[in-house]
Peer 1: 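Pasting a structure here, questions to come.
No hydrogens, no waters, no symmetry mates; every other heavy atom, side chains included, goes into these values. Letters A, B, ... are given to chains in the order of the sequence lines, protein chains preceding strands, and every chain is numbered from 1.
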2 protein chains.
Amino acid sequence: MHKQEVTIYDVAREAKVSMATVSRVINGNSNVRKETRERVEAVINRLHYQPNAVAQGLASKKTTTVGLIVPELTNLYFAELSKGIDDIALLYKYNIIISSIENRLMKEDEVIQSLLNKQVDGVIYMSNRLPDKVANAFKQTNTPVVLAGTKDNRDEFASVTIDYQKADTEALNLMYNDGKKNLAIVVGDPDTVVNKDNRIPAYRKFLADHDIAEEHIYTKINNYSDGYNLYSQLEKDGVDGVIVTRDVTAVGILNSVMDAGKNIPKDLEIITASATQIASVVRPALTTIKQPLYDMGAVAMRMLTKLMNNEEVDGIHVQLPYELLKKQSTLNQ
Amino acid sequence: MHKQEVTIYDVAREAKVSMATVSRVINGNSNVRKETRERVEAVINRLHYQPNAVAQGLASKKTTTVGLIVPELTNLYFAELSKGIDDIALLYKYNIIISSIENRLMKEDEVIQSLLNKQVDGVIYMSNRLPDKVANAFKQTNTPVVLAGTKDNRDEFASVTIDYQKADTEALNLMYNDGKKNLAIVVGDPDTVVNKDNRIPAYRKFLADHDIAEEHIYTKINNYSDGYNLYSQLEKDGVDGVIVTRDVTAVGILNSVMDAGKNIPKDLEIITASATQIASVVRPALTTIKQPLYDMGAVAMRMLTKLMNNEEVDGIHVQLPYELLKKQSTLNQ
DNA sequence: TCCGCAATTGCAAGCGCTTACTGCTTTTTT
DNA sequence: AAAAAAGCAGTAAGCGCTTGCAATTGCGGA
């Protein structure tokens, strides 16, 4: 990168004003007389001047950039959340630096530290674990954080979610009312807050409430083939209804059932707890807990803008309504 | 953002050296004696000093940040490319600012200008149109650009693709040899370079080479429901084999065929030209032109690192090998 | 016409870091 | 052992912009 061709100084000289005045014009400061403003704007247009955001960032200590932490880039769940975030970010003129954690969990601190070093004004965090080290870094730099589609035990971090316990209970209830009594739950990482403190307790409570002794909790089932391979176990265990966190995993189970010549929903009902486009294009289509992912992202980003501007927010833990969308993987009543 | 707590100046004072020396230590400059380096590093660790990347960027005119232009966030095609990009970016310690164009095409210039104002060191461009205005902005700021998974008529922009013409021809050939003579092609925007100058010409040439007079080119078919609704037309037109750009669109057609009680591949063969996970989880699974998306992203990013460092690159137009992956939407021979 | 106050504008000190240059030490060369 | 080269570290001038404060201007009222 060579030296910038036209700077605020050039504009100031051409418009016969000081840099300060040009700066005021750029930033829409009202303390500029109309004629002056117009003269400066004319020069800006003539020279095609574009402010250097890095210099602005250094001087103003605001970068109009937010960080986005996402577990995987190729997961539509996060992509749909991101879209909501992106739209609102664009609206408020923030750029997004995206960082994926993928499976390299050990690198998480570094990735986030690098984001913080870039002086992002705020962070939207979608990863499902928030290590102490990271939490401290956020607090130390005073960077506001909003969790989107995930939760944390520390209540201090704002979050936008649905009521996972209620949703799961409702889903289990649906299958139970369909006559399925041998219900199971399939999750990925059992230690995330969403799973450990929400989904699994909801499942256990449901069993207790219905006097079912035998619990079927399958953990570390993360992807399509994990799901595909799980079915033989489900069959062996006599499971007749299952709630699956990730829809791709659910599709794995679904295909495995079909390939085994069994029937869905007769032999097995499936409900997925996080539905993306994939859940709706497979046949039979999956009954889903439909989370308003786009809205969740949008609300999270909007909340972040408020936090970044020290505006009032009423309640930092937002729960949006979900919908239990009955499709072909459960019985039609 | 309040004033930074610990700066390079604090480290210098504590370590009893000048800022310049601390800077050298941070940047791995070898002109520092071992003991001095260690002393400085000790102070850095003790104070938990983290360099301010914005200040570094202003002073060095390098931000170690690249821009990523993607048409849609919720399209797995770009997500898989992005993953390859992200991995290499992490390796070379670049951050990624992502900007989606979505459908708001009129905003494209602004979005990219904002990226350029942030002084990104380079750009990976995945959108399928590169307006003059944008191209000029890149050239003016001297920002290297690499197109990934897309092409441009201006040969000056580096690109990483597959041989679309060859791939499509091979796909058409496969169906032709299966006895399908009424072949069609389904694309989204017919004016993108990939479609206008590659896919459609390849299709036309194929027809000409096989003395087929009647051409079936369906354009502006962009998503699942467009695909779903298209089938009645395909049927009316007697199409018995179709190559579909986007796999989600292909799945729309697929489901429509099934719902109509027809058989795939007997009544209609389908090959999709850009396969993501979706193509492989639907049943019948789609025969696909398998693009090495991850690798394409990785190669594009690696090339960009070279361009950003003014290193030699041999050939700025890279074509990676693809694979014609036969699944259930074409006959098994 | 002159004064006071508000509206404008300019001044200049940073923001936190990099990087020629310069100069002082060591080391190497002969 | 003296001179040349190399190794280290410091000085200070920016990078391009924002912003508190001071200075100037313009305007209405007395």
Peer 1: For A:L58 and C:dG16, what is the distance between atoms CG and P respectively, to the nearest whole Å?
Peer 2: 7 Å

Peer 1: Students often get this wrong, so: under 4.0 angstrom with heavy atoms, is B:T21 touching a base, only sugar-phosphate, or nothing?
Peer 2: sugar-phosphate

Peer 1: Would B:T143 and B:T141 satisfy side chain to side chain donor-acceptor pair (under 3.5 Å), going step by step from the backbone distance to the final call?
Peer 2: CA-CA 5 Å; B:T143 308; B:T141 58; 2.7 Å; yes

Peer 1: Just the rounded figure in Å: distance from P of D:dA9 to CZ of B:R13.
Peer 2: 20 Å

Peer 1: Compare every heavy atom of B:E312 with every heavy atom of B:K306, then report the nearest pair and how far apart it is.
Peer 2: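 The pair with the smallest heavy-atom distance is CD-O, 3.7 Å.
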
Peer 1: Just wondering, do A:L68 and A:I97 contact through their side chains at under 4.5 Å, heavy atoms?
Peer 2: no

Peer 1: When the distance from CD of A:E35 to P of C:dA7 is rounded to whole Å, what number comes out?
Peer 2: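 Between P of C:dA7 and CD of A:E35: 16 Å.
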
Peer 1: Below 4.0 angstrom, N of the basic side chain to O of the carboxylate: do A:E38 and A:K34 qualify?
Peer 2: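 A:K34 and A:E38: salt-bridged.
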
Peer 1: Could you tell me how far apart A:N31 (CG) and D:dT18 (C1') are, to the nearest whole angstrom?
Peer 2: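 In whole Å, D:dT18 C1' lies 14 Å from A:N31 CG.
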
Peer 1: Return the nearest nucleotide to the side chain of B:V17; candidates are C:dC17, D:dC17, D:dG10.
Peer 2: D:dG10

Peer 1: Output the rounded distance in Å from CD (B:Q56) to P (D:dC15).
Peer 2: 18 Å

Peer 1: Using only side-chain N and O atoms of A:S60, determine if any of them is under 4.0 Å from OP1 or OP2 of D:dT18.
Peer 2: no

Peer 1: Mind checking if B:V22 touches a base, just sugar-phosphate, or nothing, with heavy atoms under 4.0 Å?
Peer 2: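 No contact.
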
Peer 1: What is the separation between atom NZ on B:K16 and atom C1' on D:dA9, rounded to the nearest whole Å?
Peer 2: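 After rounding, the reported distance stands at 16 Å.
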
Peer 1: So does A:E108 pair up with A:R129, basic N to acidic O under 4.0 Å?
Peer 2: no

Peer 1: Nearest-nucleotide wise, let me know which of A:N27 and B:R37 is further upstream toward the 5' end of DNA chain D.
Peer 2: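 Looking at the nearest nucleotide for each, B:R37 comes out on the 5' side.
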
Peer 1: Any donor-acceptor pair under 3.5 Å between the side chain of A:R33 and the base of D:dG26?
Peer 2: no

Peer 1: Check this one for me: any side-chain N or O of B:K34 less than 4.0 Å away from OP1 or OP2 of D:dC8?
Peer 2: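 No, no such contact exists.
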
Peer 1: Compare side-chain N and O positions of A:T36 against OP1 and OP2 of C:dT9 and report whether any pair is under 4.0 Å apart.
Peer 2: yes

Peer 1: Provide, to the nearest angstrom, the distance between the CZ atom belonging to B:R24 and the P atom belonging to D:dC8.
Peer 2: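 It is 11 Å, rounded to the nearest whole Å.
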
Peer 1: Starting at the 5' end of DNA chain C, which residue's closest nucleotide do you reach first, B:A20 or A:M19?
Peer 2: A:M19

Peer 1: Report yes if at least one side-chain N or O of B:S18 is closer than 4.0 Å to OP1 or OP2 of D:dG10; otherwise report no.
Peer 2: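 It does, given that an N or O in the side chain of B:S18 lies less than 4.0 Å from OP1 or OP2 of D:dG10.
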
Peer 1: With heavy atoms under 4.0 Å as the rule, sort A:V32 into base, sugar-phosphate or nothing.
Peer 2: sugar-phosphate

Peer 1: If I take atom CD in residue B:E38 and atom P in nucleotide D:dC8, what distance separates them, rounded to the nearest angstrom?
Peer 2: 13 Å

Peer 1: For C:dG14, take OP1 and OP2 only and decide whether either is under 4.0 Å from a side-chain N or O of B:Y9.
Peer 2: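 Checking B:Y9 against C:dG14: no side-chain N or O falls below 4.0 Å of OP1 or OP2.
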
